[in-house]
Structures are given as structure tokens and as C-alpha cells.
Amino acid sequence: MITREQIDTVLDHPVHDARGDKIGDARHVFFDDVTGEPEWVSVRTGLFGTSESFVPIHDAALVEDHLEVPYAKDQVKDAPNVDIDAGGHLSEQEEQRLYQYYGIDWDASWQDPDSGTGRATGTTGTTGTVGAADEAMTRSEEEMHVGVERHEAGRARLRKYVVTEEQQYTVPVRHEEVRVEREPITDANRDRAMTGPDITEAEHDVTLYEEQPVVETRAVPKERVRLTTEEVTEEETVTGEVRKERIESEGTDEHGDRRRRP
């Protein structure tokens, strides 16, 4: 059990669950109105520490530099939301809801003087960081702390596929054609002309050639393509609400009139 002398060590220090996972930071400690013993601690949770959850402190323990409570992190974060009035008290109904949520017998706690919850009025008062003999009141404010989280925004993929397109090329091709040449008999060729038979039938063949286009394809590397990422920084404005405590004093002036002074 946490004593009043250990409150300064608890406030603004981490609060861990029984498995050692951090739940948040201790924000306020609430004392029983009758016994004066610590009964609840509010833990600042949430992404930026913007909400507080109540957890019983009776079975908590200080472990090195943090407070350890016998409850799971998710259980504490899902605890019922309660409102604290201007006097810094939990109502009996709110406190009963919290006891019921954490599985603590309300009636048994009421009757057991050693339970640390001897409630005469059923409320617990906040004393913040003040000790048993300290008459000062601590005024606190919430501060906004903005951070960033990295989330997946999408995916990009390189996909290679094949398309067929038609191309045209003009190439020169050659072919042979037959041409009949006649030459008269002269003294120069007379001997060759008289070597054959006088009258006969004969044939003479000539082979003709032509060129035809031939098409073939081969794969040729053209370029290398890859995906890369680059970070682009933009500015975004976020808006949130923070709470601030105000302290007012009430008393009498020199004429005996009751006055209220901020």
C-alpha cells in the first residue's frame, strides 16, 4: 500500500501494470475523507496523455521509479469515466461504479476498517502533491504535446507486361529477270556458230534468283526501372483542448464583509 509520504514519488511518475507495461503517468492521488489514506490514483493515458483513468492504489506498490498496480493496462484504460466537481471529490455513485468495475466489494469495503476505504461520506478528496502537514494547494494545467505516428498510406507496385505493336520497315530486295539477247553472225563468231548440228531442236535453261525480306526479333535491354521513396514534409495544424485549474480564495475584508478574491 502507498503511504502519504510516498505521494511525491508517485505523482508525475510512470504507472505500470502487473506485466510491466506502461499505462501512463500518475496525475492525481485521491485520499479517503475518513481515514486520510490514499485510495485512488488517476493515470494520464491516451495517445498524447489527454485522458485520465482511475485505478485503486490500495494494492499498488512502488517499484524503482514507477508505480505498479495489479490490473491490466487495457482494464485501466477502459475504466468508467468520472467527473470531478469543483471540490475535487468523487461522488458516491462514481466511486461505487469504479469499485464495481475493478471487482471490489463495495459493502465489504464499507464495513472493513482495515481496507483503507472507511468511507463515511462515500467520497474521496484530492490533495494532489500536498503532504499531511502542507496547507498549500497545488494548481495544475494540462499541456498539449503533439507528436506524429507513422501509418501506411498506400502501396506502389512496378508491373511489367507485354504489348504487341506493328512496325514497318522498307528494305531493298533484288530479283533476276530474263532478257533475250540476239547477235548477228560475224567473222568473229562464225566458227563458234558452225560447231553445232545444222538443223535440230534444243533447249537451254537459265535459273532466276530473287531476294525476299526475312524478319526476326531479339530481346535487347533498353533501361532499368525501380521504385524509390522520398520524404516530403508538410505542415498540418492540430487543435485540442487543455484544462487549467484556477484557485480562488474566500475570506473577509477589514470591515468584516465576506469577500471572494481570485
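Sequence positions, counted from 1, serve as the residue numbers for this chain.
No side-chain heavy atom of Met144 sits less than 4.5 Å from a side-chain heavy atom of Glu241. You'll find the side chain of Val69 reaches within 4.5 Å of the side chain of Val15, heavy atoms only. Using a 4.5 Å heavy-atom cutoff, the side chains of Thr229 and Glu231 are not in contact. Side-chain contact between Asp25 and Val43 is absent, with no heavy atoms from C-beta onward closer than 4.5 Å. Between Arg27 and Ser140 the shortest side-chain heavy-atom distance falls below 4.5 Å. In this structure the side chain of His204 reaches within 4.5 angstrom of the side chain of Val206, judged on heavy atoms. Using a 4.5 Å heavy-atom threshold, the side chains of Trp40 and Val55 count as separate. Side-chain contact between Tyr209 and Glu176 is present, with heavy atoms from C-beta onward closer than 4.5 Å.
No path of Ile, Leu, Val, Met, Phe, Trp and Tyr side chains, each step under 4.5 Å between heavy atoms, connects Val41 with Val63, placing them in separate hydrophobic clusters. Under the 4.5 Å side-chain heavy-atom criterion for Ile, Leu, Val, Met, Phe, Trp and Tyr, Tyr101 and Phe30 are members of the same hydrophobic cluster.
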| request: Go through Gln212 and Glu210 one step at a time and tell me if the side chain to side chain donor-acceptor pair (under 3.5 Å) criterion holds. | output: CA-CA 7 Å; Gln212 294 181 349; Glu210 68 177 2; 3.2 Å; yes

| message | With side chain to side chain contact (heavy atoms under 4.5 Å, CB included) as the criterion, how do His13 and Leu11 come out once you've worked through the C-alpha distance, each side chain's angles and the decisive distance to 0.1 Å? | response | CA-CA 5 Å; His13 281 72; Leu11 293 175; 5.8 Å; no

| request: Could you check His175 against Leu208 for side chain to side chain contact (heavy atoms under 4.5 Å, CB included), going step by step and ending with a plain yes or no? | output: CA-CA 8 Å; His175 69 278; Leu208 304 177; over 6 Å; no

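Sparse packing is recorded around CD of Gln100, with 12 or fewer heavy atoms of other residues, nucleotides or ligands lying under 6.0 Å away. Within a 6.0 Å radius of CZ in Arg19, no more than 12 heavy atoms belonging to other residues, nucleotides or ligands are found.
Judged by distance alone, the side chain of Glu211 and the main-chain N or O of Val173 form no donor-acceptor pair under 3.5 Å. Put simply, the side chain of Ser42 gets close to the backbone of His28: a donor and an acceptor are under 3.5 Å apart. A donor-acceptor contact shorter than 3.5 Å is absent between the side chain of His58 and the backbone of Pro56. The backbone N or O of Ala72 sits nowhere less than 3.5 Å from a side-chain atom of Asp17 that would complete a donor-acceptor pair. When atom types are taken as modelled, the side chain of Asp78 and the backbone of Gln75 share no donor-acceptor pair closer than 3.5 angstrom.
Between the side chains of Glu64 and His66, no donor-acceptor pair of N or O atoms lies under 3.5 Å. Between Glu95 and Gln93, the side chains place no donor N or O within less than 3.5 Å of an acceptor N or O (distance only, hydrogens not considered).
Rounding to the nearest 0.5 Å places CD of Gln167 at 10.5 Å from OG1 of Thr217. Taking CD of Glu143 as the start and CZ of Arg243 as the end, the distance is 14.0 Å to the nearest 0.5 Å. One finds the CG atom of Asp32 at 8.5 Å from the CD atom of Glu37 (value rounded to the nearest 0.5 Å). Distance check: Leu67 CG to Ile57 CD1 gives 5.5 Å after rounding to the nearest 0.5 Å. Rounded to the nearest 0.5 Å, atoms OG1 (Thr228) and CD (Glu230) are 7.0 Å apart. One finds the CG atom of Asp74 at 9.0 Å from the CG atom of Asp21 (value rounded to the nearest 0.5 Å).
Considering all non-hydrogen atoms of both residues, Lys22 and Pro14 come closest at CE-CB, 4.0 Å. The shortest non-hydrogen separation linking Pro38 to Ile7 is CG-CD1, 4.0 Å. Considering every non-hydrogen atom in both Val225 and Leu158, the closest pair reads O-CD1, 3.7 Å. Between Ile23 and Tyr71, the shortest heavy-atom contact is CD1-O, 4.5 Å. Summarising the geometry of Pro80 relative to Arg97, their closest heavy-atom pair is CB-NH1, 3.3 Å, with the distance given to 0.1 Å.
Salt-bridge formation is not detected for the pair Arg139/Glu245: no Lys NZ or Arg NE/NH1/NH2 atom is positioned less than 4.0 Å from an Asp or Glu carboxylate oxygen. With respect to Arg179 and Glu177, no salt bridge is recorded, no charged nitrogen being found less than 4.0 Å from a carboxylate O. Between Glu52 and Arg44 there is no salt bridge, since none of the side-chain N atoms of the basic residue sits less than 4.0 Å from a carboxylate O of the acidic one.
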